[in-house]
> 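One structure follows; several queries about it will come next.
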Amino acid sequence: IISLLLFIYPLSIITLSILLICSRFLSLNLFFKIGTTYKLNLKILLKYKILISDFKHIFLNNWRFIIIGTVYVLNWKFANIMISKFLQLNDVNHFEISFRIFSIALLLPGIATSTIFPVFSRLYKEHNIFYLKNLYRMSFLVLLIYAMFCYSFIISFADELVILAFGLHY
C-alpha cells in the first residue's frame, strides 16, 4: 500500500522509511494477535525492559552469523552491480531471478543443517570424534551434491524458468 503512494504522491526517502517501519510494527502486532496463542501484543512487549547487556550478550554469542549474513547480502548486491556493468539489462534480470531461485533451492539444506547441528554438538560433547567426522563428511557430501545439482539445473534452465515464472512478455 505504501509503495502505491509513490504513484500518487512523491515521498522523501525518510518519510518512506518511517512509513515502512510503522507498517512493519503494525504487521508484527497483527502477527502477535493472530499467530500466537498467548494474549501477546506490541504494547505488552514494550513494557518489558531490554537491557544493553542483553544486546551485547546476543551479539557476542552470534557475531559469526551476523558477519556471514552481512557478507552474503553485500556479495549479492556487489554481484548485481558488477553484472549490470558487463551484461545487457535482460541478462541482469535473468541473473537476479536465477539467483533468487537458487537461494530458494538452498532453503532445504539450510533447514537440514539447522537440524543436524544439535547432533554435531552432542557428538562433540560425548567426545565421539569418529562418528562426528563421519557425519560431517556424509552431510558435506550430500549438501555438495545437492548444491551442484541445483546450480547446474539453474544454469541450464534459467531462461526457461524465467519464461515459466513470468510469461513470454517478460
Side-chain angles (χ1 to χ4, degrees), residues 20-21 23-25 27-38 40 42 45 48 50-167 170:
L20 287 174
I21 290 170
S23 71
R24 296 285 172 124
F25 276 119
S27 64
L28 179 66
N29 198 22
L30 183 64
F31 170 76
F32 284 149
K33 285 187 177 191
I34 294 173
T36 60
T37 56
Y38 303 108
L40 185 66
L42 200 54
L45 282 178
Y48 289 102
I50 300 174
L51 303 174
I52 294 176
S53 62
D54 294 333
F55 283 112
K56 285 181 185 176
H57 178 71
I58 291 170
F59 182 78
L60 290 175
N61 287 337
N62 298 301
W63 67 269
R64 294 168 193 89
F65 300 107
I66 294 169
I67 291 173
I68 289 169
T70 303
V71 168
Y72 174 78
V73 171
L74 288 176
N75 282 335
W76 179 22
K77 294 301 178 185
F78 286 146
N80 286 345
I81 291 169
M82 288 173 49
I83 286 183
S84 69
K85 300 298 180 194
F86 295 109
L87 298 177
Q88 300 295 323
L89 183 60
N90 194 31
D91 294 329
V92 174
N93 291 336
H94 283 205
F95 169 78
E96 178 71 22
I97 292 167
S98 299
F99 188 82
R100 288 181 189 234
I101 293 171
F102 184 67
S103 296
I104 290 169
L106 292 182
L107 286 175
L108 184 61
I111 294 168
T113 55
S114 66
T115 58
I116 206 166
F117 279 143
V119 178
F120 283 146
S121 297
R122 182 178 51 82
L123 290 173
Y124 181 76
K125 285 180 183 176
E126 294 172 354
H127 302 291
N128 201 340
I129 304 301
F130 177 75
Y131 288 115
L132 178 65
K133 286 182 179 180
N134 284 340
L135 180 61
Y136 173 77
R137 286 184 187 124
M138 184 182 67
S139 59
F140 178 79
L141 185 63
V142 168
L143 292 172
L144 177 68
I145 291 169
Y146 179 79
M148 302 253 318
F149 170 76
C150 289
Y151 177 77
S152 301
F153 183 80
I154 299 285
I155 290 294
S156 300
F157 301 107
D159 292 336
E160 289 82 4
L161 289 172
V162 170
I163 291 171
L164 182 66
F166 297 103
Y170 175 76

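All values below were derived from every heavy atom in this structure, side-chain atoms included, with hydrogens, water molecules and symmetry-related copies excluded. FYI, the numbering just counts along the sequence from 1.
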> Kindly compute the distance separating OG1 (T115) from CD1 (I111), expressed to the nearest 0.5 Å.
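Those atoms lie 8.5 Å apart.
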> For L135, enumerate each residue passing the side-chain contact (heavy atoms from CB on, under 4.5 Å) test, keeping only those at least two apart in sequence or located in another chain.
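Checked L135 against side-chain contact (heavy atoms from CB on, under 4.5 Å); matches are I116, V119, F120, L123, M138.
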> To the nearest 0.5 Å, what is the distance between CZ (F140) and CD1 (I145)?
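Separation between the atoms: 10.0 Å.
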> For I52, is the CD1 atom crowded, meaning more than 12 foreign heavy atoms sit under 6.0 Å from it?
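Result for CD1/I52: open.
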> Could you tell me the separation between the SG atom of C150 and the CD1 atom of I104, rounded to the nearest 0.5 Å?
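It is 11.5 Å, given to the nearest 0.5 Å.
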> Roughly how far apart are S139 OG and L144 CG, rounded to 0.5 Å?
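It comes to 11.0 Å.
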> Please determine whether the number of non-hydrogen atoms from other residues, nucleotides or ligands lying under 6.0 Å from atom CD of Q88 exceeds 12.
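12 or below, so no.
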> Using side-chain heavy atoms (C-beta onward) and a distance below 4.5 Å, is Y136 in contact with L132?
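Of all side-chain heavy-atom pairs linking L132 with Y136, none is under 4.5 Å.
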